[in-house]
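Here's the structure, in structure tokens; my notes come after.
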Amino acid sequence: RRRLQLGAVAMAETKFTWSPRLTATAAKVPEEQRGALLWALAQYGTHGVEPEFDYPLNAVFESLRGEIRRSEVRKNG
């Protein structure tokens with residue numbers, strides 16, 4: 001997976017399915033950190049951008065990574 005680079009002309013996008021597990025897990029994250037987690041999940045699922053979180057968000061993200069990867073549908077195939 002690639003990191004999103006600012007100024008990049010175009011980047012392959014990936015579609016993924018948002019699952020109830022993502023919502024349920026995000027709901028357990030403190031509200032002040034939830035937005036960062038949700039944005040990271042969307043960026044990872046769509047562009048493959050790896051977030052740089054500290055504990056505990058890094059652990060939460062890692063627990064959801066597989067859920068996103070299993071639901072991916074690559075554009076153009």
Side-chain angles (χ1 to χ4, degrees):
R1 305 208 45 118
R2 301 188 331 179
R3 291 183 187 269
L4 183 64
Q5 296 178 5
L6 295 177
V9 174
M11 177 176 242
E13 291 184 345
T14 303
K15 291 183 181 182
F16 73 102
T17 301
W18 189 269
S19 73
R21 180 173 178 234
L22 298 174
T23 302
T25 303
K28 295 174 182 166
V29 171
E31 191 171 343
E32 62 273 6
Q33 296 177 313
R34 193 175 304 143
L37 176 64
L38 292 170
W39 183 246
L41 293 170
Q43 289 296 302
Y44 180 74
T46 305
H47 300 292
V49 176
E50 296 278 345
E52 296 181 10
F53 286 137
D54 292 326
Y55 183 81
L57 284 185
N58 63 346
V60 174
F61 179 83
E62 286 301 320
S63 75
L64 298 174
R65 178 192 302 272
E67 186 79 20
I68 291 172
R69 296 208 58 189
R70 284 188 294 277
S71 74
E72 290 175 349
V73 178
R74 297 253 177 242
K75 191 174 183 178
N76 299 325

Keeping to residues at least two apart or across chains, list the side-chain hydrogen bond (donor to acceptor under 3.5 Å, both in side chains) pairs with something in residues 24-34.
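Sorted pair list comes back empty.
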Between Leu41 and Tyr44, is a side chain to side chain contact (heavy atoms under 4.5 Å, CB included) present by the stated rule, with each step listed?
CA-CA 5 Å; Leu41 293 170; Tyr44 180 74; 5.8 Å; no
Look at the side chain of Ser71 and the backbone N and O of Ile68, then say whether any donor-acceptor pair between them is shorter than 3.5 Å.
yes
Any heavy-atom pair between the side chains of Glu72 and Lys15 that's under 4.5 Å?
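A side-chain contact under 4.5 Å is absent here.
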Are Trp39 and Val49 packed together at the side-chain level, in the sense that at least one heavy-atom pair is separated by less than 4.5 angstrom?
no
Output all residues satisfying side-chain hydrogen bond (donor to acceptor under 3.5 Å, both in side chains) with Glu62, sequence neighbours left out; order by chain, then residue number.
Arg65
Listed by chain and number, what are the side-chain hydrogen bond (donor to acceptor under 3.5 Å, both in side chains) partners of Ser19, not counting sequence neighbours?
Glu67
Look up atom CZ in Phe61 and atom CD in Glu52, then write down how far apart they are to the nearest 0.5 Å.
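The distance works out to 11.5 Å.
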